[in-house]
Structure formats: C-alpha cells, structure tokens
Number of protein chains: 2
Amino acid sequence: MSAAEPAAPALTPFGRLVAEHRRSLGSGADERLSTDDIVQLLQQAIIRGVFAPGRALRQDDLALELGVSKIPVREALRTLEAYGFVELPHNRGAVVKELTLAQLREAFDLRQMVEPLLMRAAVARLSEAALKEAAELVERMAQERNAWTFSRLNSRFHQILYEAADMPLSMQILTMLQGYIQRMSFMQLSMMGFNRSSNEDHRHILDACRRGDADAAARHVADHVSGIKTVVMGLYAQLHGDTGADELHSKPPRHAN
Amino acid sequence: MSAAEPAAPALTPFGRLVAEHRRSLGSGADERLSTDDIVQLLQQAIIRGVFAPGRALRQDDLALELGVSKIPVREALRTLEAYGFVELPHNRGAVVKELTLAQLREAFDLRQMVEPLLMRAAVARLSEAALKEAAELVERMAQERNAWTFSRLNSRFHQILYEAADMPLSMQILTMLQGYIQRMSFMQLSMMGFNRSSNEDHRHILDACRRGDADAAARHVADHVSGIKTVVMGLYAQLHGDTGADELHSKPPRHAN
DNA sequence: TTATCTGAAGTCGTATACGATTTTTACTAC
DNA sequence: GTAGTAAAAATCGTATACGACTTCAGATAA
C-alpha cells in the first residue's frame, strides 16, 4: 500500500485492462485479485492483442500492475501455458505464443467437427431458460458496436446452447479452440463486418433449437462456422499479403506499450 | 543434507513412483525435480491409480515426498487442472477429478473423429526414421508384458505417426483425451487382453503408411480406436455391475449393433 | 441424545527473500 | 570495427514465513 498508487495511474494498455476488470468485479475495489482473475486478464490481453505474439511477459512487471506478488502470476502463466497461449522456456520467463495460418485453419477444421456434434446433442435437452437467454444475446449482439463485447456475447451465445449437451470434454476443447481463433486480432475486426450475416445465422440456429430440429440446428451451426472461416481466412490472406506462406512476421516494435 | 533422509525410506506408493522417476532421469540422483517432472509424476500417479478419483492431494505431503517446497507442486497442479486431471476449489486444495462413463464415451467419440484425420494428413509426410521407429515400437509391444510400459509404447507409436501431420492443436487435444482414457485403471488391464488384436491393428496401420495409402491408414486407425472402445466400454459395464445405462445409454442394449 | 458453538489444529494462498541463471554492459585484444 | 570476455544488472525459480481460511474436536445447551 504505497501512497504512489493513486498518484501514478501509469496507464499502460494492460493497466487499463486491469482497471476495467476491477470495475467489472463490482465489489470492494481494493481486494486482491485471485489467480483465476489473473488467468482471465492475461488471456484477454493476449486475445485483444495487448500482448502480441512473441512478446516477453516479465513476472515482476505483471505482478506490479496486478497488485500481487509474482507467485499467483506464475501460477496463472502455467494455466495459460497448458491452454496454448504462452510458452515457458526454462529460466527464460514467459513468451506469448506465435500463431500461424496453419494453426488458424486447423482450429476452424476442428470447430467444424465439434460444434455441429455439440449442437445436435444439445437440442433435445435445451431448457426454456437457456433459449430465453440465447434470444436475449442475439438481440444484444444486433445492437452491439464494440468488437470485443460482441465477441464475448457471441461466445456466450454458443456456450449457452452447447452446454445443454452435457459434453464437458468437447466444451473444454471448444473453449481452447475459440481462444486460438479469437487471438487473431483481425478476427475482432472481421467480426464487425460479419455482424449482420452472423446474426442471421444465430436466428436460424435459435429457431431450429426452438423447433427441436436437431438436424437443422447442427446444419446451421456447420454453415455458421464455415462462413466465419471463409471470412477470417480470406481476411488473413488479404492482410498478410497473399497465400499466407510466411509465418515469422516479427519485427521488433520501436516502443513497447 | 539431513541424516534422516537415508534412514526413512517411507515407502508410500507415490514415493515409489518418485524413486522410479529419479532413476529414469539417470544423472545425479540428488538434483531437484523440475516442475515439469512433477507434472509428469502426478499425472502418472493419477493415470496408474495411485491417486484415485476423489482423493485429496495435500501440497505439503507431496512437496515432502518430492523433495521440494510446495511452490513447484502448486504450479504443477495448475497445469494438471488445465488438463482436466484435478480440481482446485478455492482454499480447499487439490482433488483428483472423478470420471464418468459418459466422459469415457465422449473421449472415445472425439478420438474417433480426430485420429483418422491426423493419420490421413500424416501419411504423405512420414519420414523413414519415423516409420523405422514405429516398426520397432510394434515389435517391442509384442514382447511387452508390463501393462504400464505397454501403454507408454502404444502412446508413443501413435504419437510418432501422427506428429508428421504437423497439426499441433489436434495433437494437444489427443494428448488430453488419451490422458482421460488412460485414467481408467482397468484400461491397462484390458490393454493386455487386447494386446494381440491391437498389435495386428498396428501392423496394418504401419503397412498402409509404408505404402503411402492414406485412406487405408485412416480406415485402419478408425477401426483400431473403434475396437478399443468396444473392449473398454464393455469391460467398464462388466466391472460396474450392469450396462451402465443409468442415464446416458443413448443406444438400446437389446441387440448389439 | 442431537445440535450448536468455540477454540485449536491443520491446510491453503501468497508476500518476501535469496540463490541460480540469463542477459546486458563495459572493457580489452586483435 | 569486430570478437571475445568478465563484471554488473536484470530476471527467474523456489524455500521460507506468515496471515487467512477451513476443518475438526470438545464443550455447552436444548
């Protein structure tokens, strides 16, 4: 508890994320962040591009900005390592993992396998409450103009529908895959352009769920993922020149932060 | 260096695993175990049933038996939590996760999707060295009489073949799934009974790989996984009394397919 | 007896401290 | 200027210490 804390906002991009997270926690703003909070914060920072691929994450810095010691930071990094967000070379700290076009394609391929299966299994078991919440999310997404918030609502929409399937392994895998896909920062941009068409898909999916038509729901989900894949992969090709044959685009940024 | 160390063998089952691991490390036996070593040791202990589902893992005890403080133990537990081996309820330590029949089935279903895909993609890229090592593993498996060692060789056989596909996400998922499946202790037993038939499958797979016949290789892998699934699920039903139809038996047990 | 309370013991979670390793800097030799 | 080296600084990994939380045992009251 230093007097310098309020006097030095020290507004790094990550610091802003931390402040935002603290606010969203609601309660006493001076409480210590849990390791799980830190996992979420770091994950979000990586997904949103605050920590770009290849960036070294120094434990003491993170600890300072999070207001904890480095022990919970290190534990959070272990979790993120397991989820494929960072690498932890021994005695050399943590580095944000690189992403390649091949991995992006692979993540989509796997989603195309897993999601229709989840949807099909879920339809017969969907509760009224779940359908209601899903419908609300569709409406909120239609209004949403912030890419990150839209992305969150979108994830939640699918999660709500899928978790009725009661297939925890598939859900765990899907969560991991979505993390990979969301990490493509352009994804968030493309999301916005894709907004309208995506919302249409969502309505189709929701309708099929309401009717209890598992086949149709699974088909709509497959089309949905396929559509997103096309847009995102296309955008990737556009942004990275052409075929995306290169993978190491890392030139050192002049100024960090 | 305390005088008590050599005087107290303290032969808990886990202690034996630790000693075994130390021996397999070869070099100076008095080196401190790394966090990664601890992850492997705990994972192995859970898979082999030394730590049964539901068991509470106390950090101080583990640290003592591993010869480290509880900090690396906690980090290892975080990794294992992410992989689905333990749960970490806040302020209540670590507990070995329970396994259900539904999860076993789900793990097999996912393997049946992922493995043929990996095999198909790998065939064209397999190196001579990989084929040679795979062949050696088949031979060693045929001789092997220890269930755990057999299981390790088996995992390695598939890993060698699949990693040529260069699909790291699928590999990561598959590793997780195999962890789940291996946790069924009876799995190791059934492995032995299944030994002969399994080795036949392996030879077929390897032959197809050598011929560069991707379709055949993928088909053999699918059959292989399917065969194991049948045996393991059947054994589960046998050991757990009845059909295991409690709540998730989606297929009628009247007649076998 | 059964239930509730209270204090003690046990366990967890993390801040601090420190040795070990890596990286950077400054210097020298070529 | 480049290469090589040695000292200094930065960073990591973990043992220790301690406050916080949970659990359990014994006591009291109904």
Side-chain angles (χ1 to χ4, degrees), chain A residues 1-5 12 14 18 22 25 27-28 30-42 51 54-82 86-97 250 252-253 255-257, chain B residues 1-2 4-5 12 14 18 22 25 27-28 30-42 51 54-82 85-97:
Chain A
M1 301 168 184
S2 78
E5 183 194 327
T12 68
F14 181 62
V18 175
R22 281 214 132 89
L25 280 182
S27 60
D30 55 344
E31 279 173 23
R32 255 194 329 211
L33 294 170
S34 73
T35 299
D36 290 331
D37 288 327
I38 297 170
V39 169
Q40 277 201 292
L41 266 166
L42 290 175
F51 296 144
R55 163 135 179 197
L57 302 176
R58 269 170 308 157
Q59 305 168 357
D60 291 324
D61 290 353
L62 295 177
L64 191 66
E65 293 205 271
L66 291 161
V68 298
S69 81
K70 62 184 184 175
I71 301 251
V73 172
R74 285 179 56 82
E75 291 188 8
L77 288 172
R78 281 279 170 190
T79 297
L80 291 174
E81 182 199 26
V86 303
E87 283 175 316
L88 296 177
H90 188 63
N91 270 324
R92 227 165 302 147
V95 177
V96 178
K97 237 186 178 179
S250 55
H255 305 287
N257 299 352
Chain B
M1 303 173 182
S2 81
E5 183 193 326
T12 68
F14 181 62
V18 175
R22 279 213 133 89
L25 280 181
S27 61
D30 53 346
E31 279 172 24
R32 255 193 328 212
L33 294 170
S34 73
T35 300
D36 289 332
D37 288 328
I38 298 170
V39 169
Q40 278 201 292
L41 267 166
L42 290 175
F51 296 144
R55 161 134 181 203
L57 302 175
R58 269 169 310 156
Q59 305 169 358
D60 291 325
D61 291 353
L62 295 177
L64 190 66
E65 293 205 270
L66 291 160
V68 297
S69 81
K70 61 184 185 174
I71 301 255
V73 172
R74 286 178 56 81
E75 291 188 9
L77 288 172
R78 282 277 169 192
T79 297
L80 291 174
E81 182 199 27
F85 281 84
V86 302
E87 284 175 315
L88 295 177
H90 189 63
N91 270 325
R92 228 165 304 143
V95 178
V96 179
K97 236 186 177 178

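Below, chains carry the letters A, B, ... as their sequence lines are ordered, and counting in each starts from 1.
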Touch class at under 4.0 angstrom, heavy-atom based, for A:Arg74 against every strand present: base
Return no unless some side-chain N or O of B:Gln59 is found under 4.0 Å from OP1 or OP2 of C:dG13. yes
Angle by which the axis turns from one end of the helix from C:dT1-D:dA30 to C:dC30-D:dG1 to the other, five pairs per end, to 10 degrees: 10°
By side chain to side chain donor-acceptor pair (under 3.5 Å), B:Ser69 pairs with (sequence neighbours left out) none
Salt bridge flag under 4.0 Å for residues A:Arg78 and A:Glu75: no
Rounding to a whole Å, what distance do you find between B:His90:NE2 and C:dC12:P? 13 Å
Minimum heavy-atom separation for A:Ile38 and A:Pro72, please, with both atom names. CD1-CB, 3.9 Å
Over how many whole Å does the gap from B:Lys70 atom NZ to C:dT11 atom P extend? 10 Å
Between A:Gly93 and A:Ile71, whichever has its closest DNA chain D nucleotide further toward 5' is A:Gly93
Heavy-atom nearest pair, B:Val68 first then B:Val73, reads CG2-CG2, 4.0 Å
Quick one: label A:Leu88 by what it contacts on the DNA or RNA (base, sugar-phosphate, nothing), any heavy atom closer than 4.0 Å. nothing
Please identify the 5'-most and 3'-most nucleotides of DNA chain D with any atom under 4.0 angstrom from a heavy atom of chain A. D:dT11 to D:dA15
So what does A:Ser34 touch, heavy atoms closer than 4.0 Å: a base, only the sugar-phosphate, or nothing? nothing
Using 0.5 Å steps for rounding, measure from the CZ atom of B:Arg32 to the CG atom of B:Asp37. 12.0 Å
Working to the nearest 0.5 angstrom, can you tell me the gap between A:Glu81 CD and B:Asp36 CG? 6.5 Å
Just to be sure I understand the rule, does A:Leu77 reach a base, reach only the sugar-phosphate, or reach nothing, if contact means heavy atoms closer than 4.0 Å? nothing
Shortest non-hydrogen contact from B:Arg74 toward B:Gln59: NH1-NE2, 2.9 Å
Using 0.5 Å steps for rounding, measure from the CZ atom of B:Arg58 to the CG atom of B:Leu64. 11.0 Å
So how far is it from A:Lys70 NZ to A:Leu62 CG, rounded to the nearest 0.5 Å? 11.5 Å
